[in-house]
Amino acid sequence: MRDLHALISALPKAELHLHLEGSLEPEMMFELARRNGVELKYANVDEIRAAYDFSNLQDFLDLYYQGMGVLLKEQDFYDLTVAYLAKAAADNVKHVEVFFDPQAHMERGVAFKTVLSGIRRALEDGFIRHNISYRLIMCVLRHLSEEDALALMEVATPYLDKINGIGLDSSELGHPPSKFKRVYEKAGLLGLKRVAHAGEEGPPEYVWEALNDLKIDRMDHGNASVRDETLVDHLVETGMTLTMCPLSNQRLCVTPDLRDNPLAKLLRAGVRVTVNSDDPSYFGGYVNDNYLAIAEALELTAPEIVMLARNSFIGSFLPDTDKEMYLDEIDVVDAELLGKG
Ligand code: ADE
Ligand code: ZN
């Protein structure tokens, strides 16, 4: 297993599915609660970690929205993002495309601009400090209404030079992608990249809707695709990227046993699959932990692991020249560690 670990660590990677608010570690939650005078219902960090025992997505979301209640000031969003980027750098991540949930902050009275400027300042500093490039994706909370999403678009419009894409997250069941067709049409007209969570807990029909109604450029999770052969063929033919999150799937009981995760089946069918951490503080692992866990559980080969890292750049929103540079770097590691070249 040491070799697998060495390969995963050495590979340059992009992380394409990461909720910044889901990287809030209990230690920082405590520190921000103290700094901002917010009362937590936990006495210590161990109690917080003990509460992270989820039966499904909603169980997690309830704690996730509660946990982010300590984020109030621009500096809080800055500190959160800085901490994530340090973890990403340690995992040899070279490029990140991160999500944030503005509606979850605005409904607590935190201004959109406060959230955005803290995150952006940290991303800019992270590029200088760690040479990690970035894209920022603003998520719409799907349990809220279409009107709320359209209102968010209005608020965000003056800041569109600082936002690269639109995403769709939160409670999936009962909130199909088609609910946000008009929002995504608008986002497309505004030049935003379009991604959406689909097929995490929801059925293959939701994946089809994300593709056909929302016209997404990339799919978040997409696990349910494996249950529809025509859909798998379609994903392969169209070169759609899936941002899969194995430890998240395990902890949210989507596939409680990692050996049942559809990642290998999809990868071997030719789908452009990537590995990501989703909400690492809540699910017990950053990106390398996810690579290692799924590689061991599904007995992925070294070339398959290399393929996952390659897919992370190919499926990113980087320009082709940057993609090629990172793919060349992967080739060097491949040649050195696997004796190819
Ligand atoms: N928000 C944060 N993490 C999420 C996930 N895994 N699914 C849906 N919404 C989320
Ligand atoms: Zn997610």
Side-chain angles (χ1 to χ4, degrees), residues 14-25 29 52 54-69 71 80-81 84 88 96-107 115 119 135-144 148-149 152 165-177 179-180 193-203 206-207 209-210 214 216 218-225 241-256 261-263 273-287 290 294 312 315:
E15 177 147 57
L16 307 179
H17 185 153
L18 181 284
H19 302 263
L20 284 170
E21 297 90 342
S23 71
L24 177 61
E25 291 286 348
M29 198 188 291
Y52 294 169
F54 313 113
S55 306
N56 54 42
L57 175 58
Q58 193 59 51
D59 254 11
F60 153 69
L61 289 170
D62 292 343
L63 290 198
Y64 168 79
Y65 294 123
Q66 187 183 303
M68 69 174 80
L71 297 164
L80 173 74
T81 308
Y84 163 64
V96 298
E97 302 194 350
V98 292
F99 299 131
F100 72 121
D101 282 331
Q103 289 164 300
H105 307 299
M106 287 154 65
E107 71 183 14
V115 180
I119 292 172
R135 297 289 184 272
L136 184 56
I137 300 173
M138 175 180 84
C139 282
V140 165
L141 298 182
R142 69 201 305 159
H143 68 271
L144 300 179
D148 285 332
L152 172 65
I166 186 168
L168 183 66
D169 65 359
S170 195
S171 321
E172 186 178 12
L173 291 172
H175 302 284
K179 177 175 165 186
F180 297 97
K193 292 286 186 190
R194 289 173 281 196
V195 304
H197 284 52
E200 181 184 17
E201 283 188 341
Y206 282 23
V207 177
E209 280 189 18
L214 305 189
I216 51 169
R218 192 166 69 210
M219 165 104 51
D220 297 315
H221 294 294
N223 295 48
S225 312
T241 299
L242 265 56
T243 65
M244 301 191 76
C245 307
L247 290 176
S248 163
N249 297 157
Q250 182 180 43
R251 296 292 283 270
L252 300 186
C253 303
V254 171
T255 45
N261 194 287
L263 182 143
V273 169
T274 66
V275 170
N276 308 273
S277 66
D278 206 5
D279 302 282
S281 162
Y282 290 88
F283 303 146
Y286 285 79
V287 75
N290 275 272
I294 201 66
S312 74

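All values reported here derive from a predicted model rather than from experimental measurement. We count ligands from 1, going down the list as the structure has it; atoms in each ligand are counted the same way.
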Any [X] heavy atom less than 4.0 Å from ligand 1:
{"X": "Leu61", "result": "yes"}
{"X": "Ser170", "result": "yes"}
{"X": "Phe60", "result": "yes"}

How close does the nearest protein non-hydrogen atom get to [atom], and which residue and atom is it?
{"atom": "atom 3 (N) of ligand 1", "value": "Asp279 OD2, 2.7 Å"}
{"atom": "atom 7 (N) of ligand 1", "value": "Glu200 OE1, 2.7 Å"}
{"atom": "atom 1 (N) of ligand 1", "value": "His19 CE1, 3.5 Å"}
{"atom": "atom 6 (N) of ligand 1", "value": "Asp278 OD2, 2.7 Å"}

> Can you name the residues that form a salt bridge (Lys or Arg N to Asp or Glu O under 4.0 Å) with Glu209, not counting sequence neighbours?
Replying inline: none
> What protein N/O/S atoms sit under 2.8 Å from the Zn ion (ligand 2), by chain and number?
Replying inline: His17 NE2, His19 NE2, His197 NE2, Asp278 OD1
Near-ring test [Y]/[X], centroid separation under 6.0 angstrom:
{"X": "His197", "Y": "His19", "value": "yes"}
{"X": "Phe60", "Y": "Tyr52", "value": "no"}
{"X": "Phe99", "Y": "His17", "value": "yes"}

> His221 versus Cys245: any side-chain heavy-atom pair under 4.5 Å?
Replying inline: yes
>> Does any part of the side chain of Asp169, heavy atoms only, come nearer than 4.5 Å to the side chain of Leu141, both counted from C-beta?
In response: yes
> Does a donor on one side chain sit under 3.5 Å from an acceptor on the other, for Asn223 and Asn249?
Replying inline: yes
> Among side-chain atoms of Glu15 and Tyr84, is any donor-acceptor pair under 3.5 angstrom?
Replying inline: yes
>> Run Tyr64 and Asp101 through side chain to side chain contact (heavy atoms under 4.5 Å, CB included) and show every step you take.
In response: CA-CA 11 Å; Tyr64 168 79; Asp101 282 331; 2.6 Å; yes
> Which ligand 1 atoms are under 4.0 Å away from a heavy-atom of His197?
Replying inline: 5 (C), 7 (N), 8 (C)
> Which of the atoms in ligand 1, numbered in the order shown and given with their element, are less than 4.0 Å from a heavy-atom of His221?
Replying inline: 6 (N)
> With a 4.0 Å cut-off, would you call Lys193 and Glu97 a salt bridge?
Replying inline: no
> Could you give the distance from OG1 (Thr243) to CZ (Arg218), rounded to the nearest 0.5 Å?
Replying inline: 6.5 Å
> For ligand 1, which part of Glu172 has a heavy atom less than 4.0 Å away: the side chain, the backbone, both, or neither?
Replying inline: neither
